[in-house]
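Only one structure is covered here, and it is reproduced in the block below.
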Protein chains: 2
Amino acid sequence: MALDHAILVSLLEQPGSGYELARRFERSIGYFWTATHQQIYRVLKRMESDGLLDVRDIPQQGRPDKKEYSVAEPGRDALAAWLHEPIEPESLRHDLAVKIRGAAFDDPAALIREVERHHRVHSERLEHYLTGEWRDFTGPGAPAPLDAGQELQHVVLRGGIAYERMTVAWLDDVLATLHRIGPTAPQA
Amino acid sequence: MALDHAILVSLLEQPGSGYELARRFERSIGYFWTATHQQIYRVLKRMESDGLLDVRDIPQQGRPDKKEYSVAEPGRDALAAWLHEPIEPESLRHDLAVKIRGAAFDDPAALIREVERHHRVHSERLEHYLTGEWRDFTGPGAPAPLDAGQELQHVVLRGGIAYERMTVAWLDDVLATLHRIGPTAPQA
DNA sequence: CCTCCCATGTAATTAGTTACATGATTGC
DNA sequence: GCAATCATGTAACTAATTACATGGGAGG
């Protein structure tokens with residue numbers, strides 16, 4: 001149920017509408033948690049009816065009206081409670097690794113294109129993160145010194161950067177391995 | 001629906017019972033895909049009734065009888081089809097990162113214990129992977145040269161090792177950051 | 001005109017988690 | 001006697017995905 005908590009954190013950082021949250025889940029928060037707008041609207045509704053969130057109708061001109069959600073006191077308490085209870089170190093779910101092991105029973109060389117595609121995507125994400133880091137934390141326009149919240153955002157971003165760098169390097173390794181084993185007959 | 005495919009790969013590598021699969025999902029396959037026995041039994045039943053798997057009843061003495069599943073021809077085809085279609089590079093779901101950003105609205109220092117615990121778990125996983133690598137691929141008892149399937153298993157394991165190493169290093173960074181910002185009043 | 005952006009949602013389905021349930025054997 | 005391992009499952013619930021649905025405004 002960490003989507004609830006991710007929403008609480010995001011709304012504490014900045015109140016906003018379901019649409020805005022959905023966009024954030026494609027960007028900053030989305031670096032370590034994903035959610036679609038359908039899911040977000042549903043959860044917002046539930047959390048609001050549970051009293052964890054407040055809503056305000058905001059009429060707009062030239063665009064549809066929107067509902068701005070913000071965290072109510074009980075929501076803040078719920079987040080604090082979650083922060084104080086331990087969570088399980090999560091395990092990966094990595095489709096591509098399943099594919100790579102599965103390739104032994106098919107043609108490993110046929111995977112090269114797919115791996116190259118993933119390599120491209122992760123390289124782009126890395127570039128994107130690095131640009132954001134420069135803009136928000138390490139470049140000349142960034143605040144200095146950073147406050148606690150910014151330090152925490154930065155260390156999370158550094159985690160994303162480390163992850164993407166590691167992944168790109170591993171995909172290089174995978175490609176080298178696929179080329180090395182070359183075209184082989186699938187195993188029985 | 002990658003659980004289906006993970007099961008197909010695992011059963012191609014070695015036929016086995018639901019129980020055995022559940023154990024593998026705590027070990028080798030579990031490094032990059034998780035599943036509980038309940039889920040596995042349900043999916044096995046579905047895949048068998050869809051004709052993707054064959055079952056054989058194996059009576060045993062001194063232990064409960066078991067059902068040994070193996071991949072049928074249509075299952076092999078289904079796996080091959082999946083291997084040839086592109087998948088989305090997956091995004092992370094990282095609870096701890098949510099917690100770290102959330103700590104800005106609570107007491108960051110209270111997270112130190114939790115982060116240390118995660119650090120311990122990931123260090124242990126790293127050790128465990130390295131032991132397995134030595135046993136199966138790089139140590140004196142390992143086969144040489146490796147065949148294509150073993151090469152692919154090894155490169156996936158190297159990915160797990162790289163992931164754990166990266167994570168441990170990042171958690172060091174997180175701990176240093178938490179210590180640096182020290183005890184602070186939560187933000188508005 | 002067409003597409004993208006803003007903004008909201010419902011409905012149906014699939015996947016995953018948690019709790020409950022049984023029962024023999026092996027080792028301490 | 002008690003806990004762990006082997007072996008199988010059902011039931012209830014929660015979470016996530018996919019498809020469908022609407023409608024105005026802005027920009028090329």
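Letters A, B, ... are given to chains in the order of the sequence lines, protein chains preceding strands, and every chain is numbered from 1. Atoms considered below: every heavy atom in the structure, side chains included; atoms not considered: hydrogens, waters and symmetry mates.
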Phosphate OP1/OP2 of [N] contacted by [X] side-chain N/O (<4.0 Å):
| X | N | value |
| --- | --- | --- |
| Lys45(A) | dT8(C) | no |
| Tyr41(B) | dT8(D) | yes |
| Gln38(A) | dA19(D) | no |
| Arg46(A) | dA15(D) | yes |
| Ser17(A) | dC6(C) | no |

### Query
Of the nucleotides dG23(D), dG9(C), dG16(C), which one has an atom closest to the side chain of Arg93(A)?
dG16(C)
## Note on the structure
Closest of dA7(C), dA21(C), dT17(C) to the His37(B) side chain is dA21(C)
### Query
Once you round it to whole Å, what is the distance between C1' of dT17(C) and CD1 of Ile40(B)?
13 Å
### Query
Given His84(A) and Asp106(B), is the side-chain contact (heavy atoms from CB on, under 4.5 Å) satisfied, shown in steps?
CA-CA 9 Å; His84(A) 287 272; Asp106(B) 195 76; 2.8 Å; yes
### Task
Scan Gln60(A) against the nucleic acid and name what it touches under 4.0 Å (heavy atoms): base, sugar-phosphate only, or nothing.
sugar-phosphate
### Task
Examine Trp170(A) together with His122(A) and report whether their ring centres are nearer than 6.0 Å.
no
### Query
Where does the angle between the aromatic ring planes of Phe137(B) and His154(B) fall among parallel (under 30°), tilted (30 to 60°) and perpendicular (over 60°)?
parallel
